[in-house]
Asker: 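The following block contains the structure, expressed as structure tokens.
Throughout, protein chains are lettered first and strands after them, A, B, ... in sequence-line order, and every chain is numbered starting at 1.
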Amino acid sequence: MLLRMSTLFLRTLREDPADAEVPSHRLLVRAGYVRRVAPGIYSWLPLGYRVFRNVERIVREEMERIGAQEVHFPALIPREIYEQSKRWDDYGDTLFRLKDRKGADYLLGPTHEELFTLLVKGEYSSYKDYPLALFQIQTKYRDEARPRAGILRGREFVMKDSYSFDLDDEGLAASYAAHRVAYQKTFDRLGLDYRIVFAVSGAMGGSASEEFLAPTESGEDTFVQCENCDYAANTEAVEIAVPEPREAVDQPDSAVLDTPDTPTIATLVDRLNTLGLGREFTAADTLKNVVLKTQAPGQTEWKLLVVGVPGDREVDLKRLQGQLEPTQVAQAEPADLASEPRLVKGYIGPQILKEIGVTYLVDPLVVPGSAWVTGANVENKHAIAVVRGRDFEPDREVGAVEIRDGDLCARCGGHLSIARGIEIGHIFQLGRKFADTFGLDALGPDSKPIRITMGSYGIGVSRAVAALAEQHHDELGLVWPAAVAPADVHLVAAGKEDQLAAAETLAAAFAAAGVRVLLDDRTGVSVGVKFKDAELIGVPLIVVVGRGLVDGLVEVRDRATGERSDVALSAVVAQVSASVGNS
RNA sequence: CGGGGCGUAGCGUAGUGGCUAGCGCGCCUGCUUUGGGAGCAGGAGAUCGGGAGUUCGAAUCUCCCCGCCCCGACCA
């Protein structure tokens, strides 16, 4: 392969585009890889499309390696198919909907579970046909409320999605494991730094669920990782270490105290410490009861919900929502509170919740037998030594507190640290949700139907390009890993005539040796511009045919390390093709 | 949808009531230059986001609308 800068459709920008903030967006635009068409919608230019196709190729190869077979579905899908799975309504505003000339409804696919399931149902009917894994690499559409960060989160993006079809749970587990390995190989080959984190399976249902996150500052997913063991989870799924449970019975009796004007945790703690109770209280000794409301799927009615957390912690609504899916959770409005006068704002305690029929969830930090200062359900009064298992019993535990940097790992007790990452892949065991919806069965050896169980696996192909740019750049520009770079060598002809002629000859030799070469054969461009462009474009090796030519030397530069060495013109092809072959 | 910022040439920007809207990059022509985004000279390119209004006069002031970016809500 030989690409010539003199004719390449490329214009680099000297300055950062004003609308770009994150590094990938800035650099991909500056280096002429992509151009914005509309918010969240981008065109891929020749260099960018080469990187894109390299990523796509690697993803495809690793899918095929585990026996997944590639298909290609339409992006344009009739409404009826999504009606069957209820997602025409359930997906909400994020679904791109459109009408044809007859007024019939269509959508642009955000994911393709329906089509995969229906396709298999239409073709396969025997247990002998399974297991099966299919995948596609397809443009997906989501009408994001707020597209952002260039191609990291667009309204149109390319995703590889695959689905496994198995007869039983063991088969699903095996398919899931195969995909997990394939994803590791894929991201390893791409040169992405990533973490596999536990996730909640969310609205899609199912059990096992893990995300592949590429740690980077501009990532929009927060996750937690243990500094001691390999535990990592996103903030919805994370579990932190909790205190040992205690015996409820042998604890001091509960008592009600006068605590006027203490509707907040801070005012309460101040007051407690003036009462001479023989100990110092902190916010962590109090039990905060936050009033929320929930809406079960398919219901229009909202029900009150109280969540108890230690007073020094906030409730993380997003985390809570993630665990209560598909039930919706929201902050209770004053009007909601008014519907239950026995809940006294600022003085709510769990002691009466059973009696008044309000669901009570506690964070696991509120362990059985733990004693708390909490509201007495009377204006200006709090209760002390309120013990879980004696004075109240929650309906269940749910991880609700905001995770802090330094919280302890539930596995090993090590410190947890919070980081941000880009979700580049997600694997989960979908189970029988769509098989149930569409009646996907295989006929078993006993002539009885077997309901198929599915796994769902996604890789954001276009997003991976952006994630690579996020992880592989410096102040000068992009620094592509060899496997995805638009070329192996960026060959700069530093001068005219002799040097240009020598560069031409060398470029032909590289190409003949199977080295992908980008030749800067532009005349009338100063060498400084060529160097800057080479650094911005980020091909791993830069070879300069310049002043050393009179001595039969060219300069080889490593874009990543900045290392430079002079190599004999006669030896450079062999040296470079060896290093390219090794990578 | 809430909060903030911003719309002037392909890109980055200056210009807060007064002459022909200025500058840098990029682009075109010519000459010079060739190891770090070159120099000189000449040139093309803008309905100043749109509409309405105020005014002798509007990029500039007022109102409405549209769009973009960032934060949040939301979101595999």
Asker: For residues A:S162 and A:H179, is any side-chain donor paired with an opposing acceptor at under 3.5 Å?
Answerer: yes
Asker: Tell me whether the side-chain N or O atoms of A:R564 pair up with the base of B:G36 as donor and acceptor below 3.5 Å, since no angle test is needed here.
Answerer: yes
Asker: Sequence neighbours excluded, which residues qualify as side-chain contact (heavy atoms from CB on, under 4.5 Å) partners of A:V158?
Answerer: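 In terms of side-chain contact (heavy atoms from CB on, under 4.5 Å), with neighbours along the sequence ignored, A:V158 is linked to A:F52, A:I137, A:T139, A:V461, A:S462.
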Asker: Sugar-phosphate atoms are those with a prime plus P, OP1 and OP2; base atoms are the rest. Using that split, label each nucleotide of nucleotides 23-30 of chain B B, S or - for protein heavy atoms under 4.0 Å, 5' to 3'.
Answerer: -BSS----
Asker: Under 4.5 Å between any side-chain heavy atoms of A:Y33 and A:P486, yes or no?
Answerer: yes
Asker: Rounded to the Å, how far apart are A:L10 CG and B:G10 C1'?
Answerer: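 After rounding, the reported distance stands at 14 Å.
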Asker: Once you apply a heavy-atom cut-off of 4.0 Å, does A:E497 come out as touching a base, just sugar-phosphate, or nothing?
Answerer: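 No contact at all - A:E497 keeps every heavy atom at 4.0 Å or more from the nucleic acid.
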Asker: Regarding B:G35, can its base be found pairing with the side chain of A:Q499 as donor and acceptor, where the two atoms are less than 3.5 Å apart?
Answerer: no
Asker: Looking across every strand, which nucleic acid part, if any, lies under 4.0 Å from A:V544 by heavy atom: base, sugar-phosphate, or nothing?
Answerer: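 It contacts base atoms.
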Asker: In whole angstrom, give the distance that lies between atom NZ of A:K530 and atom P of B:A38.
Answerer: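 From A:K530 NZ to B:A38 P: 13 Å.
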Asker: What's the NZ-C1' distance between A:K532 and B:G35, to the nearest Å?
Answerer: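 Between C1' of B:G35 and NZ of A:K532: 12 Å.
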Asker: Expressed in angstrom and rounded to an integer, what is the separation of A:L13 atom CG from B:G10 atom P?
Answerer: 13 Å
Asker: Going by the angle between their ring planes, with limits at 30° and 60°, are A:F187 and A:Y194 parallel, tilted or perpendicular?
Answerer: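 Correct class here is tilted.
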Asker: Does A:V51 reach the side chain of A:L28, with side-chain heavy atoms less than 4.5 Å apart?
Answerer: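 Not touching, per the 4.5 Å side-chain cut-off.
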Asker: Grab the CG-P distance between A:D533 and B:A38 for me, whole Å please.
Answerer: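 Atom-to-atom, A:D533 to B:A38, this comes out as 11 Å.
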Asker: Let me have the donor-acceptor pairs involving side chains of residues 533-550 of chain A, under 3.5 Å, with sequence neighbours excluded, atom names and distances please.
Answerer:
from	atom 1	to	atom 2	distance (Å)
A:D533	OD1	A:T12	OG1	2.8
A:D533	OD2	A:R522	NH1	3.3
A:D533	OD2	A:R522	NH2	3.0

Asker: Can you give one letter per nucleotide of nucleotides 67-72 of chain B, 5' to 3': B if a protein heavy atom sits under 4.0 Å from the base, S if only from the sugar-phosphate, - if neither?
Answerer: -SSBBB
Asker: Can you give the dot-bracket line for RNA chain B, where a pair is Watson-Crick or G-U wobble with both atom distances under 3.5 Å, crossing pairs use [ ], and | marks a partner on another strand?
Answerer: ((((((((.[[[[.)..(...]]]].((((((.....)))))).....[[[[[..)....]]]]])))))))....
Asker: Mind calculating the distance between CZ (A:R35) and P (B:C11) to the nearest angstrom?
Answerer: 10 Å
Asker: Could you pull out all residues at least two apart from A:F116 that satisfy ring pair (Phe, Tyr, Trp, His ring centres under 6.0 Å)?
Answerer: A:F73, A:Y163
Asker: Touch check for A:D161, heavy atoms < 4.0 angstrom, all strands: base, sugar-phosphate only, or nothing?
Answerer: nothing
